[in-house]
J.: 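Starting off with a structure, shown below.
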Amino acid sequence: MPAAPIELQLKTLPTSPGIYQYYDKNEKLLYVGKAKNLKKRVLSYFNKTHDNGRIRTMVKKIYEMKHIVVETETDALLLENSLIKEYQPRYNVLLKDDKSYPWICIKNERFPRVFPTRRLIKDGSEYFGPYTSMKTVRTLLDLIKNLYKLRTCNYDLSKEKVDAGKFKVCLEYHLGNCEGPCENKQSEQEYHEHIEHIRQIVKGDFKDSLARFREKMKAHAEAMEFEDAQRIKEKLDILEGYQSKSTVVNPKISNVDVFSIISDEGYGYVNFLQISHGAIIKSHTLELKKQLDETDKELLELGIIEIQQRFDHNSKEIYVPFPVDLGSRFKITVPKLGDKKRILELSERNAKYYRMERFKQTKIVDPDRHTNRIMAQMKVDLRLSEEPRHIECFDNSNIQGTNPVAACVVFKNGKPSKSDYRKFNIKTVEGPDDFASMEEVVFRRYKRLLNEGEPLPQLIIVDGGKGQLSSGVKALDDLGLRGKIAIIGIAKRLEELFYPGDSIPLYLDKKSETLKIIQHLRNEAHRFGITFHRNQRSNAALGTELDTIKGIGEKTIVDLLKHYRSVSKVKTASKKSLTEVIGPAKATIIYNHYHVKQ
């Protein structure tokens, strides 16, 4: 699928922590960066003119952006490091070197030194990085120092000079920090074995070092050398402790492919995370269009095959949210808890963000396409003869049987049209009778629309079960509109949809957009009706009670109701309490009105 224009990609970025990746038009990775707020950080590249020529050049080359959403800024930092190590994007090296970011150097020597540096010298030495902070480098070097005894002097330890006895061991040897290669107290072979293990550690691969230390610890324990075994165990704890902090994934999770799926009525979104040596090194989300109402299982299986072929990648173990059929060559794991479950949830989060971005992009580029899709889906889901472009929903409010009112809210193209909302005082019904009230307001609403020649809705929704629905249908019958306007009822408790003449309710998928729009309609009608009802009750209270007291104005009444919340509490309030709220003069008037016989 071709990349959306950069301007559109910028508008739909999430505000979560994560890493971003810039690609050129040839799909070559230019740069990897981390961000506490992805949208804010990425926009900073495009919203200003950069003094640095290399940054300007890089920004001009950006054709596509990808990102991986994580939970925290720390996770973003660690993920950025692992991706830079894996892919070595050109502009990461240029930009970070330009900013003098630190590296770890393994010096090209007979007995190599390992130290931090901000300068890259082409002398055959190995450089690992760049790292985003010197603190990370020091942590790594402290770990290495605790695990391996390396020299720190800068002597030229050539074989000839060492054999000739030109050097003497220094204080570091006596402190136990160096094994004295300068006096041939440590062999070159053993020293280089340590360097190879260090090489693996700075690359993020701890497996060999952990295995070697476990073997040594076991050997010491079997030989009853418990102090030595304890010393090795302490090194193991250090290594495992560092590893658990240095990756977004548990280091025990290695060479695993993680797949998850999020779907809606029209599409499935399959996210893929590749885990290597306990770190995420690749993320991709594939959008699959549904053709024949495929299940999530079918879409996920198809997506896994497509992604593996595209990236030519076949890990032996796969994590998925539910069992899938991929043949016997894969080990399929469905994580239930712990770190494996967390990485699966991270994959699902990235699939959700991708889906949200696609929706946002579609709304920006083609606003009508999103609406048309939802309307077509509602027509199918609700078994209607035409798309419900104009929907009206009714709700009654008669709390404690007082001041019965009703509300009608109007949605056009799936969105509230608040200027078309209407409220009704119940006129012909005595007492709290929901059915009769519903019949009255539906009749009044559509009698008026017919008289004024206004357009009728394609769908009417009544908030309630079979009784309210029957009342609405009777009103339409009386107006000769039965069969001309679709009408359904929605029961609150189980979200059951009732149709006229059908005793079996319809249940929609809880995740469907159709149900979400109906719930929005129902909730909006309830909110609008309750607000109107409360206002009516307040007005009634004002008009029949406090407003009749001579010498008490509107502002005083408002102050009293704000403080006491009801007229009945004003009636029973003490004179002292009233004085504290409205002053002694007006408090006397109110108190005497209710307590002194006139």
J.: Thinking salt bridges, do R113 and E109 make one under a 4.0 Å N-O criterion?
T.: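 Here R113 pairs with E109 in a salt bridge, since their nearest N and O are under 4.0 Å apart.
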J.: Taking atom NE2 of H194 and atom CZ of R199, what is their separation to the nearest 0.5 Å?
T.: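 That separation rounds to 13.5 Å.
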J.: So does D156 pair up with R110, basic N to acidic O under 4.0 Å?
T.: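 A salt bridge is absent here (no side-chain N lies under 4.0 Å from a carboxylate O).
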J.: For K159, check side-chain hydrogen bond (donor to acceptor under 3.5 Å, both in side chains) against everything at least two apart and list the hits.
T.: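 If we apply the side-chain hydrogen bond (donor to acceptor under 3.5 Å, both in side chains) test to K159, skipping adjacent residues, the hits are D163.
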J.: Counting heavy atoms not belonging to Y155, are there more than 12 under 6.0 Å from its OH?
T.: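 Open.
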J.: Can you tell me if CG on L337 sees more than 12 non-hydrogen neighbours from other groups inside 6.0 Å?
T.: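 At most 12 heavy atoms, drawn from other residues, nucleotides or ligands, come within 6.0 Å of this atom.
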J.: Decide if atom NZ of K352 counts as having more than 12 heavy atoms of other residues, nucleotides or ligands within a radius under 6.0 Å.
T.: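 Counting other residues, nucleotides and ligands, NZ of K352 stays at 12 neighbours or fewer.
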J.: Please say which of R358, K290, K289 ends up in a side chain to side chain contact (heavy atoms under 4.5 Å, CB included) with Y267.
T.: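 Considering R358, K290, K289, a side chain to side chain contact (heavy atoms under 4.5 Å, CB included) with Y267 is found only for K289.
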J.: For Q189, does the CD atom have more than 12 heavy-atom neighbours from other residues, nucleotides or ligands under 6.0 Å away?
T.: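 No - once you tally the heavy atoms of other residues, nucleotides and ligands closer than 6.0 Å, there are 12 at most.
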J.: Tell me yes or no: between the side chains of N108 and S125, is some donor less than 3.5 Å from an acceptor?
T.: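 Side chains of N108 and S125: no pair found under 3.5 Å.
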J.: In terms of relative ring orientation, are F272 and F259 parallel, tilted or perpendicular, with 30° and 60° separating the classes?
T.: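 If you compare the ring of F272 with that of F259, the planes turn out parallel.
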J.: Under 6.0 Å between ring centres: does that hold for Y22 and Y63?
T.: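 No, too far apart.
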J.: Could you pull out the closest heavy-atom pair between P112 and I106, with the gap in Å?
T.: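 Distance-wise, the nearest heavy atoms are CB-CG2, 4.0 Å.
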J.: Which heavy atom of V334 sits nearest to which heavy atom of P323, and what is that distance?
T.: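 What the structure gives for the nearest pair is CG2-N, 3.8 Å.
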J.: Ignoring hydrogens and angles, tell me if any N or O in the side chain of R41 forms a donor-acceptor pair with the backbone of A35 under 3.5 Å.
T.: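 Checking the backbone N and O of A35 against the side chain of R41, no donor-acceptor pair under 3.5 Å is found.
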J.: Please name the pair of heavy atoms, one in T152 and one in E172, separated by the smallest distance, quoted to 0.1 Å.
T.: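 Residues T152 and E172, closest heavy atoms: OG1-CG, 3.9 Å.
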J.: Compute whether any side-chain donor of one residue and acceptor of the other, for N271 and T285, lie under 3.5 angstrom apart.
T.: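 Yes, a side-chain donor-acceptor pair sits under 3.5 Å.
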